[in-house]
Structure formats: structure tokens, C-alpha cells
Amino acid sequence: AQSVTQPDIHITVSEGASLELRCNYSYGATPYLFWYVQSPGQGLQLLLKYFSGDTLVQGIKGFEAEFKRSQSSFNLRKPSVHWSDAAEYFCAVGAGGTSYGKLTFGQGTILTVHP
Amino acid sequence: EPEVTQTPSHQVTQMGQEVILRCVPISNHLYFYWYRQILGQKVEFLVSFYNNEISEKSEIFDDQFSVERPDGSNFTLKIRSTKLEDSAMYFCASRVGGTPYEQYFGPGTRLTVT
């Protein structure tokens, strides 16, 4: 069964600082990996995705993530955080094969940005 | 830009009552999903729906739950007899057929069972 672990429940950074949110997954085959962001009272917005190819993927809002198969990780990064990035971030893995694409989410990481 | 919509945004119901949560997926999408998020917990898969039938469901999706696509645009989740533990945010999602498995989520319906 697939699973996702986000080790950091809550991260606080200063505006302008760099950011890395960790994600580790468990899946028997090539995973489909996603990062979603959820602002308070809002739905889930897709930030970026990895399916194959280049292991460094670019997303919206200046985010990027790197897939490392050897470490079963898909960490999210941003070089300079803005106050508007404060939200909850979810890593998710999608099954391939005969599955109809259900997503398994991590616990989420709440990002607080200090001015 | 096309988006998934959900109604109502907030539903309050009494324990034992039936509720129907409604979703309008993106029009050319073929796969439809319901997820839920209990306050403070992770987003959990409930059910996937393709070609007018359930394709996969989780252990949470018991006989109290059902889904339907009554026409070409709506996708509904029905809970027959709500329990207190059904209180959660329910998200609808959809995607086009084949790969990639990129799902687009609606804004959610917050269900409060009292």
C-alpha cells in the first residue's frame, strides 16, 4: 500500500528566507507525486507534479520540487518565501497500474511566515 | 479557467439525517473522486467513479455512503444516516482520462453533524 510521510507538522520561516518542506513516500512502483497547497478555508490547489523525466520540477508561485528515488523523497523548495505563502502544504502520491488514480496524502505541513 | 464547484459550502445537519453533497466536475473530465478531511487530519480518499460506476472505494466508504452522477454534469455524495464522526470537509475532484493523474479539487463542503 502506498503511504506518504511529511515529518514536519509546522514550520516557521521569515519572509525572504528559503524554504524546504520534506516529503517521503512509500510505493512499490514508479510513483506519481504531487504537492498541493491549502489556504485557510480554501480547497486544494496543485502546486506541481512529477510523473517521469527530469527529477527537478517547477511549479506555480515559484515553487520547485526534486524527486530522489534513492531516498524516496519529493521535497518542496522555494528560494524566497513571501507572506502570502503561509498555508498548509500537502504531499501526495498517486497510484498507477490498475488503480483509478486515487491520491494518498501526507499529514500536511503548516507554514507560518514571519514578517 | 475551468474549475470544480461544490455546493453547499457549509451544511449543518442533525445526527441520523440524510445529506447530499453536490459537485460539478470540469466538463471534459472522466474520473471523479470524493475525499474527506476531518479537522486537523490528513485528506483521505473515499471513492473514485468512472464510466458511471464506482471504480475504487476505501474502507471509510461503507453502506451509508453512495455516489451518483444523475446527469451529465453533477456528481453527488449521499450519506444516508449521518453520524457525529462524519463531520468533516468533503472535497470533490476530477481529472481527464489516462495519464497524468492530475486531479483538480473543488473548494469543499464543510459538513457539521450535531
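Chain naming here is simple, since letters A, B, ... match the order of the sequence lines and numbering starts at 1 in each.
Contact of the B:F45 side chain with the A:F105 side chain is not registered, since no non-hydrogen atoms from C-beta on lie closer than 4.5 Å. A 4.5 Å side-chain heavy-atom check between B:Q41 and A:Q107 finds every atom pair outside the cut-off. Looking at B:Y35 and A:L44, their side chains never come closer than 4.5 Å, going by heavy atoms from C-beta outward. Contact check for B:Y104 versus A:Q45: no side-chain heavy atoms found under the 4.5 Å cut-off. For the pair A:Q38 and B:F91, the minimum side-chain heavy-atom distance is below 4.5 Å.
Within 6.0 Å of atom CD in B:E85, more than 12 heavy atoms from other residues, nucleotides or ligands are found, so the atom counts as buried in its surroundings. Around CG of B:L39, the count of heavy atoms belonging to other residues, nucleotides or ligands within 6.0 Å does not exceed 12. Counting heavy-atom neighbours within 6.0 Å of B:K57 NZ, excluding the residue itself, gives a total of 12 or less. Counting heavy atoms of neighbouring residues, nucleotides and ligands inside a 6.0 Å radius, atom CD of A:Q58 exceeds 12 of them. More than 12 heavy atoms of other shown residues, nucleotides or ligands fall within 6.0 angstrom of atom CD1 in A:I60. The number of heavy-atom neighbours closer than 6.0 Å to CG of B:D62, taken from other residues, nucleotides and ligands shown, is above 12.
Using modelled atom types, no side-chain atom of A:Y32 and backbone atom of B:E102 make a donor-acceptor pair closer than 3.5 Å.
The greatest number of non-hydrogen atom pairs below 4.5 Å with chain B, out of A:G108, A:G106, A:S52, A:A92, is found for A:G106.
In this structure, no portion of B:F49 lies under 4.5 Å from any heavy atom of chain A. Residue B:Q37 touches chain A through its side chain alone, counting heavy-atom pairs closer than 4.5 Å.
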